Amino acid sequence: MEMIISGKATLIGEVEVSSSKNAILPILAASLLTDEKVEVSKVPIIKDVIIISKLIEELGVRVELNKNCLSFQGKLISTQPPYELVRQIRASFLVMGPILARKGKVRVALPGGCAIGTRPIDLHLKGFQALGADISLNSGDVVAKASQLIGAHIYLDYPSVGATENIIMAASMASGTSYIENAALEPEIVDLANFINSMGGKVTGAGTNVIKIKGVKDLHGVSYTPIPDRIEAGTYMVAVAATGGDAIIKNIVPEHLKAITAKLIESGAEITEGKDYLRVKRESRIKPVYIKTLPYPGFPTDMQAQFMSYLSLSLGTSVISESVFENRFMHVQELSRMGADIKIEGKTAIIRGVKKLTGANIKATDLRAGAALVIAGLTAQGETVLLNSEHVDRGYENIAPKLNAMGASIKVI
Ligand code: UD1
């Protein structure tokens, strides 16, 4: 797929944010903790959600989609999700915790997903091991076995989002109480805990760095609406600021966007906060800023690329330091083709602001890099052709129509 993006857009109006992809993926995995009916509302129909739903269906569960509501019901039969689906999305590894908890064994191929560094899964496995699972590697598959998981104290060397989620799910049906120390603090962790608790689970402390999980014997069906997508919201905020626009971003939790809001204000954008919306406006020139990506509540790595497009047009030199992932600067080469002046030194990008970007034929290499290039295309002079734009669809529902409704002109082919 490709997107043809007309440059020199000014985004004006409003846009509504969908539910969070990164909250939904673990929630859908956690639906495997019960055979009863689980309904998840306001689900964005994006590629990652479709893949994980298919994967759950392959495990024996009946999956139905009615408008934007996904429902899951039925017996978890298989303990081995098919490789064909697992390799397409890293988050498929999240089914490991719930399957292990329910069936006492699971076999999953090492995960795929965005090519942003080596992305090991050692912390997930250390967590399962601490809960009493026996872990082995067999022809590229990870095999975990435990007749009964047993509550334990787990210290994470790094507050990994996925490992925290996987361990919460596994521990939620273990015998006894578990503690995850140095747990990730992301809002998506809190949402997963709320989801499990609404199924009858006993998870406390989510959103702090010590999470307590009291194992229960059974979890029951539930209807649930996940939190809004803070990265989708942030992407539109930056798009509006980058184009010198004025728009309202609706259906958000302002608290989840603090780091993004702070950096936009520092760069000269004006932001007004409502209860569940934000207004973003920029009239003055973009001021350079320093950004270091960090686990929540620090600046999110998933917003790094979008800010780089924006800061390419700043009046002065910005510095972005990527501390969460290796190899997450793949958008730099493409931005340079549009006239950006960016130098990479290890995990740091030095961005010298230029007066304008110019439309070019460029390529999306991963989801957020793709979103960044859409923003660059909107600000550029002339037309940009974004190849491999299907990467963007992995995480953004209707991105072209949503931007077009604010005055952009993007054609998807
Ligand atoms: C999640 C998000 C992703 C986001 C990332 C960081 C989902 C579906 N994806 O990914 O969009 O960019 O959080 O905010 O929610 N690590 C290890 N060992 C492990 C696990 C992780 O060393 O076992 C390292 C990773 O290589 C990486 C860092 O920890 O350098 C952060 O990864 P993690 O927080 O686990 O990210 P994900 O859960 O994969």
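It should be emphasised that the depicted structure is a prediction, and the values quoted were computed from it without experimental measurement. Whatever order the structure lists them in is the order used to number ligands and atoms, beginning at 1.
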*asked:* Please tell me whether Phe307 and Phe299 form a close aromatic pair, meaning their ring centres lie under 6.0 Å apart.
replied: yes

Any idea which part of [X] is under 4.0 Å from ligand 1, heavy-atom wise: side chain, backbone, both or neither?
| X | result |
| --- | --- |
| Glu322 | neither |
| Tyr158 | side chain |
| Asp122 | both |
| Val324 | both |
| Glu188 | neither |
| Pro120 | both |

*Look at ligand 1 and say whether Met303 reaches it with a heavy atom at a distance under 4.0 Å.*
no

*Which of these, Leu25, Thr301, Asp157, has its nearest heavy atom closest to atom 14 (O) of ligand 1?*
Thr301

If I apply the N/O under 3.5 Å rule, does [X] come out as touching ligand 1?
| X | value |
| --- | --- |
| Ala91 | no |
| Arg90 | yes |
| Lys21 | no |

*Has Lys54 got more than 12 heavy atoms of other residues, nucleotides or ligands less than 6.0 Å from its NZ?*
no

_Which label fits His153 and Tyr179: parallel for a plane angle under 30°, tilted from 30 to 60°, or perpendicular past 60°?_
parallel

*Test Lys402 against every option in Glu232, Glu16, Glu397 by the side-chain hydrogen bond (donor to acceptor under 3.5 Å, both in side chains) rule and name the one that passes.*
Glu232

*asked:* Under a plain distance cut-off of 3.5 Å, with no hydrogens placed, do Ser198 and Tyr224 share a side-chain donor-acceptor pair?
replied: no

